[in-house]
Amino acid sequence: MAHVTGEASADAAIALQFAGAAASAEAAEHVETTESEPPHEAPPRDLTAAAFFDVDNTMVQGASIVHFARGLAARNYFRYSDIASALWIQIKFRITGKENSDDVKSGREKALAFIAGRPTAELATLGEEIYDEYIADKIWPGTYALAQMHIEAGQQVWLVTATPVELANVIAKRLGLTGALGTVAESKDGIFTGRLVGDILHGLGKAQAVRHLAAREGLNLKRCTAYSDSHNDVPMLSLVGTAVAINPDSDLQEVAKNRGWEIRDFRTARKVAKVGVPTALGLGAVGGAVAAVVTRRRGA
């Protein structure tokens, strides 16, 4: 299953990259340049190296799917009162700083089921709006600086996340990155079916997605770098020549120390008991609404 999931993610990522490049080229044809605007000189391309960044708590503070859910709730896609059953997963994550693979799978599958019957273009458009409102100011400056370092070296920079690929691609595009590997929701004739292609992009699935993308892009994985906060991403981190733990959970921190991986922590405070629980109640309530609304609609 991880192989199917990874391959589907790589296919979708490249398709979105090509679509974005085509749109940019078309837009450029209608832009007039002036003598006062010197042409931008791109850095020399490094064709065989790339960087892969996890998103939640690595590039973005908190869970990206929670931030997108807040935007959907604000647009009356569901009610804030429809969230009680999903609070515990988010609270547990905020208290421990660890994500559980079963929690990730359950929560995000329900979230993807919510978009069944909706146009794929609608999700991308909403993602653009929600990014500006809820995510733009949640980017970790230190992690973004690392991504810029790779860009300035002429390398590709990809996000790798369990978040739906359409939403992950919005984040990548806004940050000026190459693209995103994310969970692929099946669609037919531009409409989401509510099913997944493969599985949630998580754990081994992420490593497979990176492996497939590297093969198609001609990348040398030994020259590539990967960044993550989670022990669940050890398969991806182990795949590349350079692994960096960003804001690591305790298990990843231990692995990083044992393997001699670099550790960078951009968190300014670690007062989980005082800060984590109230934050979880706020963010978890919103994030759980996506799952809750599916249950409500199915029971209707």
Side-chain angles (χ1 to χ4, degrees), residues 1-24 50-56 58-60 63-69 71-72 104-105 107-131 135 147 156-217 226 228 232-233 236 290:
M1 182 62 76
H3 177 84
V4 174
T5 301
E7 186 172 17
S9 183
D11 286 342
I14 291 174
L16 287 170
Q17 182 192 27
F18 283 159
S24 297
F52 299 94
F53 286 83
D54 171 54
V55 173
D56 296 352
T58 302
M59 181 64 73
V60 174
S64 54
I65 196 66
V66 169
H67 301 316
F68 282 118
L72 292 173
V104 170
K105 181 176 180 179
R108 285 185 169 135
E109 278 186 338
K110 291 177 181 177
L112 286 165
F114 167 69
I115 63 177
R118 295 186 179 277
T120 56
E122 179 185 56
L123 186 63
T125 298
L126 287 174
E128 296 276 358
E129 298 174 3
I130 295 170
Y131 177 88
I135 298 180
Q156 296 184 29
V157 178
W158 294 85
L159 298 180
V160 189
T161 175
T163 293
V165 66
E166 292 83 2
L167 300 179
N169 192 61
V170 168
I171 300 175
K173 183 168 63 174
R174 288 305 182 92
L175 294 178
L177 310 183
T178 308
L181 295 160
T183 295
V184 180
E186 181 186 74
S187 64
K188 292 185 178 179
D189 300 323
I191 303 297
F192 288 114
T193 66
R195 296 185 293 270
L196 297 177
V197 179
D199 205 342
I200 297 292
L201 191 68
H202 194 253
L204 289 173
K206 284 188 177 183
Q208 289 291 347
V210 169
R211 190 186 299 276
H212 281 292
L213 184 71
R216 296 178 189 199
E217 295 291 291
S228 179
N232 291 314
D233 287 339
M236 178 180 73
V290 174

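Start at 1 with the first residue, then count along the sequence. Being a predicted model, the structure only gives us computed values, none of them experimental.
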Okay, side chain of [X], backbone of [Y]: is any donor-acceptor separation there less than 3.5 Å?
{"X": "T5", "Y": "L201", "answer": "no"}
{"X": "T125", "Y": "A121", "answer": "yes"}
{"X": "S9", "Y": "G182", "answer": "yes"}

message: My understanding is that only one of V184, I65, T120 makes a side chain to side chain contact (heavy atoms under 4.5 Å, CB included) with P164; could you say which?
response: I65
Sub-4.5 Å side-chain heavy-atom contact between [X] and [Y]:
{"X": "V165", "Y": "T183", "answer": "no"}
{"X": "V160", "Y": "F53", "answer": "no"}
{"X": "E186", "Y": "L196", "answer": "no"}
{"X": "K188", "Y": "R195", "answer": "yes"}
{"X": "E122", "Y": "F192", "answer": "no"}
{"X": "Q156", "Y": "F52", "answer": "no"}
{"X": "L181", "Y": "H212", "answer": "no"}
{"X": "N232", "Y": "H202", "answer": "yes"}

message: F68: which residues meet the ring pair (Phe, Tyr, Trp, His ring centres under 6.0 Å) condition with it, sequence neighbours left out?
response: none
message: If we count only N and O atoms by modelled type, under 3.5 Å, do the side chains of T163 and S64 hold a donor and an acceptor together?
response: yes
statement: Sequence neighbours excluded, the answer for side chain to side chain contact (heavy atoms under 4.5 Å, CB included) partners of A2 is L204, Q208
